[in-house]
Amino acid sequence: MGLIYLQGGDTVVFGSSGSSGKMKGVKAEDVHHFLLNTEDLRHRRVSRMVEEVQKILLQVTSDISNRDSRFHCISNAGIHSDSLKVLSPSQFLVTVPLRGLSGFRQKKTRRWRYYSPSGTQLLAPAMEPEKLHQWLEIEQFQKSTPHWHDNDVNIKGDLVPARIIHVFLEHLYRAITFCSLSDKVNVLESYGPSIRLNVETSEQMVEVELVPVVEVPGYWPKKSQWPRFFKRWPLRERVQCVKSFGFDLLARSNYHWQLSFLRGERLLLEAMDDDGGCRMKCYRAVRQMKEDVWCPGNHPVINSQHLQMIFLWASERHPSAKAWKDLGRCFLRIVRRLQKCARQRFLRHYFVRRANLLKYADTAQLDALADKLSRFLQNPSLGQGASSVC
């Protein structure tokens with residue numbers, strides 16, 4: 001066995017079975033050709049599905065908003081909508097903004113809660129929030145409409161995600177019937193506090209997770225120690241712009257709200273190649289190979305959110321434009337980083353680095369992905385991905 005040390009600190013292990021010991025690579029023109037053959041088809045398919053899903057959910061959430069003013073209807077801005085994120089061609093995340101809460105401020109909340117989501121008194125305290133989660137009290141908002149103090153969403157001053165999801169789900173069933181969409185939308189059975197739908201499109205069935213969200217613009221949470229000291233990427237002006245967008249709190253668990261930075265992530269990704277680099281081309285190539293070859297299926301263990309985190313970390317680690325000029329070399333760098341994450345079952349959140357995004361991922365699927373990537377790196381070829389979409 002031997003080691004190759006590449007520019008930027010990446011290390012590649014290779015075996016001695018090959019007589020020359022020379023590591024195989026991928027040429028930039030191979031990646032360009034691969035994207036030319038696959039990217040346009042994917043973009044057209046996903047754009048059609050996004051348009052159809054948004055049209056359906058706009059009807060549903062508009063009806064819900066008319067019934068309950070605490071829920072806002074989603075925006076209809078196409079594939080670049082802030083309320084919709086394509087996790088994979090068969091999985092969308094759609095956030096439903098909550099109205100009537102403004103003027104968020106961070107404050108020390110009480111530590112222990114002795115109630116269940118149903119309101120039953122507990123003898124032992126409820127579980128503490130994990131790294132990417134927090135409690136949310138109504139007193140943390142300078143302004144709140146009276147309905148947020150009602151018992152259907154509030155327990156002892158806490159806004160409880162499980163209760164908000166329950167209220168939203170009841171409205172959702174009524175809205176689907178009222179809008180005559182029962183043949184297009186099917187609410188899936190869930191084993192936790194989440195709302196998942198199957199939405200029929202002209203292309204395929206899409207699984208959509210609907211998540212109520214508290215938007216907190218202009219405020220940056222203390223849990224995010226970002227930017228890190230002595231880092232040259234992103235530039236200071238870009239950091240200030242990202243922080244001005246604030247963050248979101250997603251209702252995806254029983255008690256705790258999940259921190260989310262979708263707007264900030266989108267802003268960083270959109271400006272990623274302002275220096276003339278090839279990061280986004282590299283991202284699209286890795287995403288296409290992941291969807292077609294390495295991690296296909298309706299419930300991939302790695303989705304676009306994970307890939308974007310890998311690219312944000314890679315951009316911070318390799319801040320110079322020079323490091324992102326050779327598309328083939330950059331492609332392999334990201335593949336190796338993805339393999340490392342799958343093998344170690346560990347991927348830090350870019351904004352909350354103590355949080356592991358793969359903590360609850362299927363370990364068997366991660367191991368299988370790591371094995372596929374290992375075989376690919378021994379003999380890199382993009383031909384398989386191009387043929388699978390033809």
Side-chain angles (χ1 to χ4, degrees), residues 39 42-65 71-99 161 164-165 168-169 171-172 175-176 179 181 184-188 190 194-217 242 245-252 257-270 280 283-284 287-288 290-291 298-300 302-309 311-312 351 357:
E39 188 175 23
R42 181 194 186 277
H43 179 75
R44 283 188 279 112
R45 286 185 66 248
V46 172
S47 294
R48 281 196 293 269
M49 289 190 289
V50 166
E51 182 180 353
E52 293 177 34
V53 168
Q54 281 189 328
K55 183 178 179 181
I56 290 172
L57 294 185
L58 182 60
Q59 294 181 60
V60 171
T61 55
S62 294
D63 181 73
I64 292 173
S65 183
F71 300 99
H72 202 294
C73 62
I74 68 166
S75 63
N76 189 17
I79 202 166
H80 299 294
S81 168
D82 283 336
S83 64
L84 187 149
K85 186 172 184 65
V86 178
L87 301 178
S88 75
S90 59
Q91 280 187 311
F92 294 176
L93 171 69
V94 176
T95 54
V96 180
L98 300 180
R99 289 193 296 198
I164 292 172
I165 291 170
F168 184 82
L169 187 59
H171 290 314
L172 178 63
I176 292 172
C179 298
L181 290 170
K184 289 280 189 180
V185 181
N186 177 39
V187 180
L188 299 175
S190 179
S194 62
I195 301 173
R196 298 182 184 274
L197 318 171
N198 266 343
V199 180
E200 183 181 333
T201 72
S202 59
E203 294 288 333
Q204 66 179 67
M205 194 73 74
V206 178
E207 183 176 306
V208 178
E209 182 182 3
L210 274 177
V211 184
V213 57
V214 176
E215 297 176 338
V216 188
V242 168
F245 278 92
F247 71 108
D248 295 332
L249 291 167
L250 307 183
R252 296 178 95 178
W257 295 78
Q258 179 185 325
L259 278 71
S260 173
F261 304 85
L262 293 180
R263 292 188 299 275
E265 292 164 18
R266 184 190 293 274
L267 185 65
L268 288 177
L269 291 166
E270 289 175 348
M280 289 311 296
Y283 166 75
R284 294 194 296 270
R287 180 184 64 187
Q288 192 72 52
K290 180 199 75 70
E291 292 176 357
N298 293 332
H299 296 89
I302 296 291
N303 58 42
S304 63
Q305 176 78 5
H306 297 120
L307 285 186
Q308 288 171 6
M309 288 294 162
F311 270 85
L312 291 174
F351 290 110
L357 296 177

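At least one donor-acceptor pair under 3.5 Å links the side chain of Ser90 to the backbone N or O of Asn298. Looking only at distances, a side-chain donor or acceptor of Thr61 sits under 3.5 Å from a matching main-chain atom of Leu57.
By the salt bridge (charged side-chain N to carboxylate O under 4.0 Å, His left out) test, Arg287 is found to be paired with no residue, residues two or more places apart in sequence or in another chain being considered. Shown here are the side-chain hydrogen bond (donor to acceptor under 3.5 Å, both in side chains) partners of Ser194, two or more places apart in sequence or in another chain: Ser190. Not counting sequence neighbours, the partners of His171 by the side-chain hydrogen bond (donor to acceptor under 3.5 Å, both in side chains) test are Asp68. By the salt bridge (charged side-chain N to carboxylate O under 4.0 Å, His left out) test, Glu265 pairs with no residue at all, sequence neighbours left out. With sequence neighbours excluded, the residues that form a salt bridge (charged side-chain N to carboxylate O under 4.0 Å, His left out) with Glu203 are Arg45, Arg48. Annotation: ring pair (Phe, Tyr, Trp, His ring centres under 6.0 Å) contacts of Phe71 (sequence neighbours excluded): Phe168. With sequence neighbours left out, Asn186 forms a side-chain contact (heavy atoms from CB on, under 4.5 Å) with Leu188, Asn198. For the ring pair (Phe, Tyr, Trp, His ring centres under 6.0 Å) test, residues two or more places apart in sequence or in another chain that qualify with Tyr283 are Phe311. Here Glu52 pairs with Ser202 under the side-chain hydrogen bond (donor to acceptor under 3.5 Å, both in side chains) rule; sequence neighbours left out. Partners of Glu209 according to the side-chain hydrogen bond (donor to acceptor under 3.5 Å, both in side chains) rule, which considers only residues two or more places apart in sequence or in another chain, are Arg252. With sequence neighbours excluded, the residues satisfying side-chain contact (heavy atoms from CB on, under 4.5 Å) with Asn303 are Leu87, Gln305, His306.
Residues Ala175 and Ile64 share a closest heavy-atom pair of CB-CG1, 3.8 Å. Taking both residues in full, the closest heavy atoms of Gln59 and Cys179 are given as O-SG, 3.8 Å, listed atom of the first, atom of the second, then distance. Scanning all heavy atoms of the two residues, the minimum distance from Lys290 to Ile302 falls at NZ-O, 2.8 Å.
Taken from CD1 in Ile74 to OG1 in Thr95, the straight-line distance is 8.5 Å, to the nearest 0.5 Å. Residue Met309 holds its CE atom at 8.5 Å from CZ of Phe261, rounded to the nearest 0.5 Å. Note that the CE atom of Met205 and the NZ atom of Lys184 stand 9.5 Å from one another [nearest 0.5 Å].
Taking the side chain as every heavy atom from C-beta outward, Phe351 and Leu268 approach each other to under 4.5 Å. Contact of the Val185 side chain with the Val208 side chain is not registered, since no non-hydrogen atoms from C-beta on lie closer than 4.5 Å. For the pair Leu93 and Leu84, the minimum side-chain heavy-atom distance is 4.5 Å or more. In this structure, Val94 and Val211 have side chains that are not in contact, with every pair of non-hydrogen atoms separated by 4.5 Å or more. The shortest distance between side-chain heavy atoms of Asp248 and Arg263 falls below 4.5 Å. Residues Glu207 and His299 form a side-chain contact, since some pair of their non-hydrogen atoms from C-beta on lies under 4.5 Å apart. Looking at heavy atoms from C-beta onward, Pro161 lies in side-chain contact with Trp257 at the 4.5 angstrom threshold. Taking the side chain as every heavy atom from C-beta outward, Leu98 and Val96 never approach each other to under 4.5 Å.
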Open item on the list: Between Leu58 and Ile56, is the side-chain contact (heavy atoms from CB on, under 4.5 Å) condition met? List the steps.
Closed with: CA-CA 5 Å; Leu58 182 60; Ile56 290 172; over 6 Å; no
Open item on the list: Under the criterion side-chain contact (heavy atoms from CB on, under 4.5 Å), I'd like the reasoning laid out for Leu250 against Leu259: C-alpha separation, chi angles, the key distance, then a yes or no.
Closed with: CA-CA 6 Å; Leu250 307 183; Leu259 278 71; over 6 Å; no
- [ ] In sequence, state the C-alpha distance, the side-chain angles, and the governing distance for Glu291 and Arg42, and then conclude on side-chain contact (heavy atoms from CB on, under 4.5 Å).
- [x] CA-CA 10 Å; Glu291 292 176 357; Arg42 181 194 186 277; 2.8 Å; yes
TODO: Mind running side-chain contact (heavy atoms from CB on, under 4.5 Å) on Val213 and Leu249 for me, showing each step along the way?
DONE: CA-CA 6 Å; Val213 57; Leu249 291 167; 5.8 Å; no
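Gln91 and Lys85 form no side-chain donor-acceptor contact under 3.5 Å, judged by distance and modelled atom types alone.
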